[in-house]
Asker: 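Below are the structure tokens for one structure; questions will follow.
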There are 2 protein chains.
Amino acid sequence: MTDSPPRTRIQARNRATILEAALEVFAAHGFRGATIDRIAQAAGLSKPNLLYYFRSKEALHLAILEDLMDLWLAPLRGMDPEGEPREQILTYVRRKLEMSRDHPRESRLFANEILQGAPRARPVLEGELKSLVDEKAAVIAGWSASGRIGPVDPHHLIFSIWALTQHYADFEVQVGAIMGGTDPYPAAEIWLEQVFGAVLAPPGETG
Amino acid sequence: MTDSPPRTRIQARNRATILEAALEVFAAHGFRGATIDRIAQAAGLSKPNLLYYFRSKEALHLAILEDLMDLWLAPLRGMDPEGEPREQILTYVRRKLEMSRDHPRESRLFANEILQGAPRARPVLEGELKSLVDEKAAVIAGWSASGRIGPVDPHHLIFSIWALTQHYADFEVQVGAIMGGTDPYPAAEIWLEQVFGAVLAPPGETG
DNA sequence: CGTGATTTTTACCGGGCGGTCAAATCGATG
DNA sequence: CATCGATTTGACCGCCCGGTAAAAATCACG
């Protein structure tokens, strides 16, 4: 009754509302810090009513995680082995940065999960994520070996892209405290292009 | 009775033990996820006994935060305006990476705090941290303007150093899942030197 | 508009958590 | 070894939280 595609209009609407509210609350307070009551309130429902749609807090969190995975990995999946290497990687960087700007809650929810030791997401990390990363790392290694980009450590390059882009979402408060009221994203976009442009440049070139 | 320098040997020993245990538990579970009971147990004390040394969970967390601040900002403070620019920055990167390797719990505790919106650390961010960062950013800007390093955005350069180095502590589980059992730090050190070396290079130079 | 399924509400439970209190124990000092 | 402060313990409180049960309200459909 709680799983499987929604059978009624009400179910579809409420499940979506709940997921949205839960994303907000989980991202802001982490799993333990979030309470069903708060999520229900944010969704405009009573607690038992929410539990009518999701068996448990755990199930709700898991549902979000699954929903998010596709969105989250899309930019990396979109990196085309047949494309122009430098452009592919810089596009990946740009799309990841847009992800932080447009979906900071998703970023913080993931960050929370990983920080706590990924108690719920570990299978995904070791399965889907690892194989995708290994696949794309191989592509980058190929580009690097053929001299189309400079010599790079593909895995650490990917880590760097994650770290640099997600930082603006996950540590938003800190960035904000230091930058005052200034929106960091325009400058960040330019900066990240500069950083990765420099790293990817084949030896002997100058930007 | 709970504040001020410890008056007895027992107090000094127990306060230290508690802080150590609390660091462990707070880093692993966040503020809300950590329980006084768990911390007390990890410290080998009873819950009321712990509360004899720290008035409340809040006070304990705050004490840790204060204790940590010096350790945490030391690498940035150590950046010498009179030193050789490239070396100063690369040394900062190296020291920050060592911080992630040798003090991952501290890193994760901070990350947790910031992620939750820095409810307890915000004053420090907007005061001490901001002024230190602004000061060092000005130094870097000077180096950049005088052409001793390439043109960089000082604030975003600092953010990048934080993001890249802390990533290895805060997202350790994810890095571990992808790298298998391999220790990422040796490769990370080389990689980060490569990255920042490339970014800092004055135009026209080649590494 | 009646009827059966769906949705929502009200009331509640058991456990855990932050914190208190008073009594008991320990430990240094004379 | 007596004494007094420092330390530790056990018992407890009130609140919140995740989750349940069953009745009540609502809805879709003939």
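Here is how names work: the chains are called A, B, and so on, in the same order as the sequence lines, proteins then strands, and each is numbered from 1.
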Asker: State which residue, out of Ile89(B), Val152(B), Ile149(B), fulfils the side chain to side chain contact (heavy atoms under 4.5 Å, CB included) condition with Val199(B).
Answerer: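 Considering Ile89(B), Val152(B), Ile149(B), a side chain to side chain contact (heavy atoms under 4.5 Å, CB included) with Val199(B) is found only for Val152(B).
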Asker: In this structure, how many angstroms lie between the C1' atom of dT7(C) and the CD1 atom of Ile18(A), rounded?
Answerer: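 In whole Å, dT7(C) C1' lies 12 Å from Ile18(A) CD1.
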Asker: Among dC17(C), dT8(D), dA11(D), find the nucleotide with the atom closest to the side chain of Pro48(B).
Answerer: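 The nucleotide sitting nearest to the side chain is dA11(D).
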Asker: In whole angstrom, give the distance that lies between atom CZ of Arg38(A) and atom P of dG18(D).
Answerer: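 About 11 Å, once rounded to whole Å.
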Asker: Just how far, in rounded Å, is P of dA24(D) from CG of Asn49(A)?
Answerer: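 Those two atoms, CG and P, are 18 Å apart.
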Asker: dG19(D), dC17(C), dT20(C): which one has an atom nearest the side-chain heavy atoms of Arg32(A)?
Answerer: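 So the nucleotide nearest the side chain must be dC17(C).
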Asker: Expressed as a whole number of angstroms, how long is the span from Tyr52(A):OH to dA24(D):C1'?
Answerer: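 After rounding, the gap between these two atoms is 14 Å.
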Asker: To the nearest Å, give me how far apart CD (Gln11(B)) and C1' (dG5(D)) are.
Answerer: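 It works out to 12 Å between those atoms.
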Asker: With a 4.0 Å cut-off on N to O distance, would you call Arg120(B) and Glu66(B) a salt bridge?
Answerer: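 Looking at Glu66(B) together with Arg120(B), the answer is no, because their closest N to O distance does not fall below 4.0 Å.
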Asker: Rounded to whole Å, how long is the line connecting atom CG of Leu51(B) with atom P of dC17(C)?
Answerer: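 About 14 Å, once rounded to whole Å.
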Asker: Does the side chain of Arg32(A) pick up a donor-acceptor pair with the side chain of His29(B) at under 3.5 Å?
Answerer: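 Distance-only check fails for Arg32(A) and His29(B).
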Asker: Using a 6.0 Å cut-off, check whether atom CZ of Arg101(B) has over 12 heavy atoms from anything other than its own residue.
Answerer: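 Counting other residues, nucleotides and ligands, CZ of Arg101(B) exceeds 12 neighbours.
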Asker: Any N or O donor-acceptor pair under 3.5 Å from the base of dG19(D) to the side chain of Lys47(A)?
Answerer: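 Pair found.
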Asker: Please determine, for the side chain of Ile10(A), which listed nucleotide (dT8(C), dT8(D), dT20(C)) has the closest atom?
Answerer: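 When the side chain of Ile10(A) is considered, dT8(C) is the closest of dT8(C), dT8(D), dT20(C).
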Asker: Between dG18(C), dG19(D), dT8(C), which nucleotide has the shortest distance from any of its atoms to the side chain of Asn14(A)?
Answerer: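 My answer, after comparing the listed nucleotides, is dT8(C).
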Asker: Side chain of Lys57(B): nearest nucleotide among dG19(C), dT7(D), dG18(D)?
Answerer: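 Nearest nucleotide to the side chain: dG19(C).
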Asker: Expressed as a whole number of angstroms, how long is the span from Tyr53(B):OH to dT9(D):C1'?
Answerer: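 One finds 13 Å between C1' of dT9(D) and OH of Tyr53(B), rounded.
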Asker: Hey, does Ala59(B) reach any base, or is it just sugar-phosphate, or nothing, if we go heavy atoms under 4.0 Å?
Answerer: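 If one applies the 4.0 Å heavy-atom cut-off, Ala59(B) turns out to touch nothing in the nucleic acid.
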Asker: From the list dG19(D), dT20(C), dT9(C), which nucleotide is the closest neighbour of the side chain of Ser46(A)?
Answerer: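 Closest nucleotide to the Ser46(A) side chain: dT9(C).
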Asker: Taking only N and O in the side chain of Thr8(A), is any of them less than 4.0 Å away from OP1 or OP2 of dT7(C)?
Answerer: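 Affirmative; the distance criterion is met.
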Asker: Of Arg9(B) and Asp37(B), whose nearest nucleotide on DNA chain C comes first from the 5' end?
Answerer: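 First, find each residue's nearest nucleotide; the 5'-ward one identifies Asp37(B).
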Asker: How would you label the contact of Ala40(B) with the nucleic acid (heavy atoms, under 4.0 Å): base, sugar-phosphate, or nothing?
Answerer: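 No contact.
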Asker: Would Arg94(B) and Glu87(B) pass as an ion pair if we require N to O under 4.0 Å?
Answerer: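 So Arg94(B) does not pair with Glu87(B) through a salt bridge.
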Asker: Whole Å only: how far is the CZ atom of Phe26(A) from the C1' atom of dG18(D)?
Answerer: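 Interatomic distance, CZ of Phe26(A) to C1' of dG18(D): 12 Å.
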